[in-house]
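So the structure is just underneath, and the comments pick up after that.
The first residue of the sequence shown is numbered 1, and numbering continues consecutively from there. None of the values given here were measured: they were computed from a predicted structure.
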Amino acid sequence: MMQSDDIRWLRRHAMITPFGAAFTTWLLSALTSEGHWLFWHDLAPVKAMAGIGAITYGMAAVLIEGGIKAMFWAIDERRRKLTQREIDTLTDVRDRLKKEQNTSGVTVVEEMIEDRRRNPLRLRIRR
């Protein structure tokens, strides 16, 4: 079943597609025929480019939409990894402070910071 956001997205596509295809057709016909930017003087180049204009617009719309989705996925993935890294670091600090109760917490945290600076790409293996 489609959600309301999906229906709105389809409605936007249906409303924008004719204008996008017309603009793409106009642009292609102007670029391929002796540079007539005023299409109403000669409609033959526009008629010749109508099919390829619609196809080109459709391909561009799919690529742009996929690119936008991939961009937001990458941002979310990066945020998730940073959050997980923070959680792992705080868990490591907690475990270390519990294990070394006779030392001050600041000393343990400073040692952990120096350890991270020496080896920032250290992989954590959970047991």
Side-chain angles (χ1 to χ4, degrees):
M1 189 164 124
M2 296 184 81
Q3 297 177 356
S4 62
D5 290 340
D6 296 334
I7 292 172
R8 273 188 252 143
W9 188 246
L10 287 173
R11 188 179 305 147
R12 280 190 206 124
H13 272 295
M15 289 172 40
I16 294 171
T17 297
F19 298 103
F23 176 76
T24 306
T25 300
W26 168 75
L27 187 63
L28 287 173
S29 65
L31 291 174
T32 58
S33 68
E34 297 105 32
H36 293 290
W37 291 96
L38 302 175
F39 67 88
W40 51 85
H41 293 298
D42 185 16
L43 291 178
V46 176
K47 289 178 193 175
M49 287 293 159
I52 193 75
I55 292 169
T56 304
Y57 172 75
M59 289 172 37
V62 168
L63 288 174
I64 289 170
E65 184 177 339
I68 290 171
K69 285 182 181 180
M71 177 187 68
F72 282 119
W73 175 83
I75 290 170
D76 289 342
E77 190 68 18
R78 182 176 183 269
R79 186 175 297 134
R80 187 188 63 77
K81 285 181 181 179
L82 287 174
T83 302
Q84 187 59 44
R85 186 180 302 158
E86 288 174 5
I87 290 170
D88 289 345
T89 302
L90 291 172
T91 304
D92 200 13
V93 168
R94 183 193 64 203
D95 295 344
R96 201 93 181 252
L97 287 174
K98 281 182 179 178
K99 185 169 57 173
E100 300 177 16
Q101 289 181 358
N102 59 353
T103 61
S104 72
V106 175
T107 307
V108 172
V109 172
E110 285 177 355
E111 288 174 4
M112 292 179 75
I113 290 171
E114 285 304 313
D115 182 45
R116 297 266 195 242
R117 284 185 182 148
R118 281 191 298 270
N119 193 2
L121 300 176
R122 176 172 59 97
L123 295 174
R124 293 183 44 85
I125 299 174
R126 292 255 181 221
R127 292 185 184 147

Return a table of donor-acceptor pairs under 3.5 angstrom between the side chains of residues 60-69 and protein atoms on other chains or two or more places apart.
from, atom 1, to, atom 2, distance (Å)
E65, OE1, H13, NE2, 2.9
E65, OE2, W9, NE1, 3.0

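Going from atom CD1 of I52 over to atom CE of M49 covers 7.5 Å, rounded to the nearest 0.5 Å. A distance of 8.5 Å separates CH2 of W26 from CG of L31, quoted to the nearest 0.5 Å. To the nearest 0.5 Å, atoms CZ (R12) and OG1 (T17) are separated by 13.0 Å. Residue D88 holds its CG atom at 13.0 Å from NZ of K81, rounded to the nearest 0.5 Å. Expressed to the nearest 0.5 Å, how far CD1 of I87 lies from CG of D92 amounts to 13.5 Å. In this structure, CG in L27 is found 5.0 Å from CZ in F23, a value given to the nearest 0.5 Å.
Nearest heavy-atom pair, A14 versus P18, reported as atom, atom and distance to 0.1 Å: O-CD, 3.3 Å. Heavy atoms only, all atoms of each residue included: A21 and A54 are closest at CB-CA, 4.1 Å. The minimum heavy-atom distance linking T25 with G53 is given by the pair OG1-CA, 3.4 Å.
E86 meets the side-chain hydrogen bond (donor to acceptor under 3.5 Å, both in side chains) test with no other residue; sequence neighbours excluded.
Within 6.0 Å of CE on M71 lie more than 12 heavy atoms contributed by other residues, nucleotides or ligands.
Under the 4.5 Å side-chain criterion, counting only non-hydrogen atoms from C-beta, L82 is not in contact with R79. Using a 4.5 Å heavy-atom cutoff, the side chains of Y57 and L28 are not in contact.
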